[in-house]
Amino acid sequence: LGQQGLKDLMSFLVHTVHSALEAVPIGLPTLCAVGGAVIGAVAAARALAFGRVTGISGFVQRTVKPSTAAKERTLSGSFVFGLLAAGLVLASVAPSSLQQLPDSYTMARAAAGGFLVGIGSTVGNGCTSGHGICGIGRFSVRSLANVMTFMATGMAAATFTGSAAALEVQDYPAIVFVSSVSMPEGAAALTASIITFLAAYVLRLHVPALSEALFGLTFGLGLGISGMTRPDSVASFLSPMHGGWQAGLMAVMGMGILVAAPALRSVLARGTCEMGKASLPRNNAIDARLLIGGALFGAGWGIAGVCPGPSLVAASGSLDTRIIGYVISMIAGMLVAAKL
């Protein structure tokens, strides 16, 4: 095709996707739902191919823990690398998906939130993706209990620590369903995510590490499209009493679960995947560690406005020292909790 031909093709694809998104009635959580669908598609494809849960905190833990086997570290690290690459792509094609943090959002807030999220996701064995999308998508009662716990403590922490005010969330008496990401930029990111997803799927059985990196990139783009990479959107969602409640983020997890659930349930029932034996969790026990971990995770999420996946994307995309500090503190929390 040549360089100009590829550029024209990309322009055509972005225009087509943008036109399709614009056809949806105004006021609906279009990009939130679309971003959730991208996230769910990655979780579904990975379950079918690898028989594994797409849990971002787990990827990070396996990447940084010294005891992780070399092959596992390579695959998990590849997915993490893809998330970091997504930040760079979003900074180029969809900068509105990355918030320019105000001075009122302090390093202390970011570090405290990251440390709690790191401990909580390790003790509770999951986060918004592992327990939320993949857990509820498997109809796991254990994951549902964790999600309900971190949602409750997340809202409490965001409300009592003034996260919405610290992130300068607009205070007005309305419920917001529209993503903070502009429609043209969302269309560009969605086009990129479709291409990277297809490439990841084609390579899944032949070059697993590269496939995982591309799945991570696609997942990160989905987070950006949905608005999850903006701490102000998350803080607004977790602060329903503040005003201007960002209820559209409910569509992210809702659509993610809807897309991922059939594949997760199918693999769980068969016990096999394309690579052989599946290893989806079957434990449904609700114990103290699960609930304590969920409570700590939710507290950190509410204080900082970001969780593991979005923090990695936002860190590379914005290069904000406070988000980088969050990531470092999160990793420290994970390493501390691993010794408990």
Side-chain angles (χ1 to χ4, degrees), residues 17 20-21 24 28-59 79 82-83 86 90 94 97 126-140 143-144 146-147 150-151 177 179 181 186-187 189-202 204 211-229 233-234 237 247-269 273-274 278 280-281 307-310 312-313:
V17 171
L21 293 175
V24 179
L28 294 179
T30 307
L31 289 181
C32 294
V34 167
V38 171
I39 293 167
V42 171
R46 289 193 69 260
L48 291 170
F50 309 131
R52 304 289 294 271
V53 164
T54 302
I56 308 306
S57 61
F59 287 130
F79 196 99
L83 289 172
L90 289 170
S97 65
C127 58
T128 47
S129 54
H131 277 307
I133 304 253
C134 296
I136 295 179
R138 299 193 318 275
F139 301 169
S140 167
S143 288
L144 179 61
N146 182 272
V147 171
F150 72 60
M151 283 291 184
F177 289 101
S179 172
V181 182
L190 177 59
T191 304
S193 73
I194 293 171
I195 294 170
T196 57
F197 176 83
L198 292 175
Y201 190 76
V202 169
R204 69 196 186 283
S211 176
E212 286 285 47
L214 290 168
F215 275 136
L217 173 55
T218 306
F219 193 98
L221 292 174
L223 290 172
I225 294 166
S226 70
M228 286 290 291
T229 49
S233 293
V234 176
F237 169 67
L249 291 192
M250 289 190 295
V252 181
M253 185 174 289
M255 185 59 75
I257 292 170
L258 188 65
V259 171
L264 289 164
R265 291 292 297 169
S266 173
V267 172
L268 189 66
C273 61
E274 290 180 284
L280 293 180
C307 54
L312 293 168
V313 177

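One finds the CG atom of Leu31 at 8.5 Å from the CG atom of Leu190 (value rounded to the nearest 0.5 Å). Taking CE from Met250 and CE from Met151, the interatomic distance works out to 9.5 Å, rounded to the nearest 0.5 Å. Atoms CG and OG, from Leu214 and Ser193 in turn, are 12.0 Å apart once rounded to the nearest 0.5 Å. Atom-to-atom distance recorded for Ile257:CD1 and Cys134:SG is 9.5 Å, nearest 0.5 angstrom. From Asn146, atom CG reaches atom OG1 of Thr128 across 10.0 Å, with rounding to the nearest 0.5 Å. Of the inter-residue distances, the one linking Leu217 atom CG with Leu90 atom CG reads 8.5 Å to the nearest 0.5 angstrom.
With a 4.5 Å cut-off on side-chain heavy atoms, Leu280 and Val53 count as touching. Residues Phe50 and Ser211 have side chains in contact (heavy-atom distance under 4.5 Å, counting atoms from C-beta outward). Within the 4.5 Å cutoff, the side chain of Arg46 has no heavy atoms near those of the Arg204 side chain. The shortest distance between side-chain heavy atoms of Ile56 and Phe219 falls below 4.5 Å. Two residues are said to be in side-chain contact when any heavy atoms from C-beta on lie closer than 4.5 Å; Ile39 and Ser129 fail this criterion. With a 4.5 Å cut-off on side-chain heavy atoms, Val234 and Leu249 count as touching.
Of all heavy-atom pairs between Ser226 and Val252, the closest is CB-CG2, 3.6 Å. Annotation for Met228 and Cys307: closest pair CE-SG, 4.4 Å, computed over non-hydrogen atoms. Between Pro262 and Leu258, the shortest heavy-atom distance links the atoms CD-O, 3.3 Å. Contact between Gly222 and Val38 at its shortest, heavy atoms only, is CA-CG1, 3.8 Å. Leu264 and Ala47 get closest at one heavy-atom pair: CD2-CB, 3.7 Å. Annotation for Ser143 and His131: closest pair OG-ND1, 2.8 Å, computed over non-hydrogen atoms.
Sorted by first then second residue, the salt bridge (Lys or Arg N to Asp or Glu O under 4.0 Å) pairs that include residues 251-265, not counting sequence neighbours, number zero. For residues 50-59, the set of pairs meeting the salt bridge (Lys or Arg N to Asp or Glu O under 4.0 Å) definition, not counting sequence neighbours, comprises Arg52-Glu72.
The ring-ring contact (aromatic ring centres under 6.0 Å, His included) search around Phe59 returns Phe79, not counting sequence neighbours. With sequence neighbours left out, the salt bridge (Lys or Arg N to Asp or Glu O under 4.0 Å) criterion links Arg138 to no other residue. Every side chain to side chain donor-acceptor pair (under 3.5 Å) that Thr196 has, sequence neighbours left out, goes to Thr218. In this structure Ser233 satisfies the side chain to side chain donor-acceptor pair (under 3.5 Å) test together with Ser180, sequence neighbours excluded.
Formation of a donor-acceptor pair under 3.5 Å by the Ser97 side chain with backbone atoms of Ala94 is found in this model.
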Item to complete: Show your reasoning for whether side-chain contact (heavy atoms from CB on, under 4.5 Å) applies to Phe197 and Leu221.
Response: CA-CA 10 Å; Phe197 176 83; Leu221 292 174; over 6 Å; no

